[in-house]
Amino acid sequence: MANNVIFSTIFLGNFADIDTDESNSTTESEASLLGTHGGPGDKLAGHITSVTTDSSDNILFEDSVSTADTWSYDTGAGPQVTDLDSVVYFTSTVTYTDGTSASNVLLNVVQMTNGDVFILMGDTHTALAAKAIESIDIVSVSNDDIGGIFQSNYDNAEFVCFAPGSRIDTPSGERLVQDLRVGDLVTTLDNGPQPITWVGVRTLTFPNSPETQKPFEFKTGCFGPGLPARDLIVSPQHRVLCATPDGECLAAAKSLAGVSGARQMKGKRAVTYHTVLFHRHEVIFANGLAVESFYPGRRSMSLLSPVQRLQVIAKAPSVLNGDYGRHARVPLKHRDALRLSRSGELHVHGCQPAQAGWLCGPVGAV
């Protein structure tokens, strides 16, 4: 059985009813959805929505066939609980944010009884998970006589989602993390501009994921002027460059929870984490704050999907032997970071790139 499945979807918007005759399973006005959805100014990669179903069996029926099963989600207008009204298969052309495209892509499109329309992603819909999507051109109807959905076809699906997020320092200025690609140069503290070797994205939903993985938010200036320059959201284990009486170190975000303006986002229902890998572990700048890049240790690798683990190993084969290399700074254990924090000996570093080198110094007692 597959109950309470969380679907990865693209929200297309709210449309007039396409199933105007509820006496049968055929959808009558599905042609109204033909055409292009999304574009350069409204990328569909920013429309990713988690939808949770509530079914007593493996089938989600639409309301014209049986008692419709409940669907729950929030597209930004507040929580919605509604029923499935219609299901249609379309053929389409998918255009990605890097300018490439895929044709003859099968889409499973659903409309709720309130008019909201979503594209669902099945386990076999690999073109939808290949890259971040800019737009989708719905070309033709493939099947409009469908009475329900088998949930088990969707259990393991996940979109590659580059939602708006942190601004990362690069030699050409700040860039949104969702715009970064393999090969792009990023400014590092120790080694100047370095090329990205892998970009990873992982979406977690709660309570399906442990509450301890809910993100931490650092409000603007909570560590001192410009630190960070804008609100920054990171995973609880993401390390920040700090200073102690013994030298520089890396402290996990959760270890800095005692700072005014730092908090765990306990009300968060879903989060998409982005990460970048380099040839070595680096300190980079996110929203002006010095933080670590992805370190493929045993714990970090265990949190990735099997496909992502293979991708990392392909870029850094030494990971298999536990020999990726040293951390950019000594990582503090959580208990040690808390102890130093309480004693006033842990400081978040204020490091900013400068033409004549790096200007670093402890800023803001934690």
Transitive ILVMFWY side-chain link Ile138 to Val141, under 4.5 Å: yes

Within-4.5 Å side-chain heavy-atom neighbours: Thr187 and Pro171: yes

Ser92 vs Asp137 side-chain heavy atoms within contact, under 4.5 Å: no

Donor-acceptor pair, side chain of Ser341 and main chain of Leu346, under 3.5 angstrom: no

Donor-acceptor under 3.5 Å (His37 side chain, Ile136 main chain): no

Carboxylate-amine/guanidinium contact Arg175 Asp184, below 4.0 Å: yes

Leu107-Tyr96 co-clustered via ILVMFWY side chain contacts under 4.5 Å: yes

Residue Asp42 excluded, over 12 heavy atoms near CG under 6.0 Å: yes

Ser135 versus Gly39, closest heavy-atom pair with distance: CB-N, 3.9 Å

OG-CD1 distance between Ser293 and Ile168, expressed to the nearest 0.5 angstrom: 10.5 Å

Student check: side-chain heavy atoms of Trp71 and Asp116 closer than 4.5 Å: no

Minimal non-hydrogen separation, Ile119 against Val109, with atom names: CG1-CG2, 4.1 Å

Gap separating the CD1 atom of Ile133 from the CG atom of Leu44, nearest 0.5 angstrom: 7.0 Å

Audit row: Thr82, Thr113, side-chain hydrogen bond (donor to acceptor under 3.5 Å, both in side chains) steps and yes/no: CA-CA 7 Å; Thr82 185; Thr113 53; 2.8 Å; yes

Heavy-atom closest contact (Ala229 atom, Thr220 atom, distance): O-CG2, 3.4 Å

No-hydrogen, no-angle side-chain donor-acceptor test under 3.5 Å, His279 and Gln194: no

Nonpolar side-chain network containing Ile233, other nodes, edges under 4.5 Å: Met265

Stepwise side-chain hydrogen bond (donor to acceptor under 3.5 Å, both in side chains) check, Thr244 with Asp246: CA-CA 5 Å; Thr244 73; Asp246 295 325; 4.7 Å; no

Test item: Gln111 side-chain N/O and Phe15 main-chain N/O as donor-acceptor pair under 3.5 Å: yes

hydrophobic_cluster_shared for Leu34 and Leu12, side chain cutoff 4.5 Å: yes

Separation of Cys249 SG from Arg329 CZ (nearest 0.5 Å): 10.0 Å

Leu289 side chain near Leu227 side chain, heavy-atom distance below 4.5 Å: yes

Test log, rule side chain to side chain contact (heavy atoms under 4.5 Å, CB included), inputs Phe218 and Leu256: CA-CA 9 Å; Phe218 298 132; Leu256 305 174; 4.2 Å; yes

Near-ring test Tyr295/His327, centroid separation under 6.0 angstrom: yes

Sub-4.5 Å side-chain heavy-atom contact between Arg181 and Thr97: yes

Distance in Å, Glu134 CD paired with Ser101 OG, rounded so as to fall on 0.5 Å steps: 11.0 Å

Within-4.5 Å side-chain heavy-atom neighbours: Ile284 and Phe278: yes

Listed partners of Asp231 passing salt bridge (Lys or Arg N to Asp or Glu O under 4.0 Å), at least two apart: Lys219

Side chain to side chain contact (heavy atoms under 4.5 Å, CB included) between Leu84 and Met112, worked out: CA-CA 5 Å; Leu84 178 63; Met112 303 296 127; 3.9 Å; yes

Centroid-centroid under 6.0 Å between Phe118 and Tyr73 rings: yes

Heavy-atom check, side chain of Leu176 versus side chain of His274, under 4.5 Å: no

Common cluster, Val177/Val199, ILVMFWY with side-chain heavy-atom separation under 4.5 Å: yes

Test side chain to side chain contact (heavy atoms under 4.5 Å, CB included) applied to Ser255 and Leu332, step by step: CA-CA 9 Å; Ser255 303; Leu332 278 185; over 6 Å; no

Within-4.5 Å side-chain heavy-atom neighbours: His238 and Leu232: no

Audit row: Val312, Leu277, side chain to side chain contact (heavy atoms under 4.5 Å, CB included) steps and yes/no: CA-CA 8 Å; Val312 171; Leu277 178 76; 4.2 Å; yes

Asn14 to Gly115 - nearest heavy-atom pair and separation: ND2-C, 3.3 Å

Joint hydrophobic cluster, Val276 plus Val234, side-chain heavy atoms closer than 4.5 Å: yes

Glu28 CD to Asp17 CG distance, which is reported to the nearest 0.5 Å: 8.5 Å

Distance, nearest 0.5 Å, that separates OG1 of Thr188 from CD of Glu282: 4.0 Å

Arg167 backbone acceptor or donor facing Asn287 side chain under 3.5 Å: yes

Backbone N/O of Ala328 and side chain of His281: donor-acceptor pair under 3.5 Å: yes

Donor-acceptor under 3.5 Å (Tyr324 side chain, Arg280 main chain): yes

Parallel, tilted or perpendicular: rings of Phe294 and Trp198 (30°, 60°): tilted

Closest non-hydrogen atom pair between Asp19 and Ser86, with its separation: CB-CB, 3.7 Å

Taking every non-hydrogen atom, the tightest pair across Ile18 and Val88: CD1-CG2, 4.3 Å

Under-4.0 Å salt bridge between Asp179 and Lys43: no

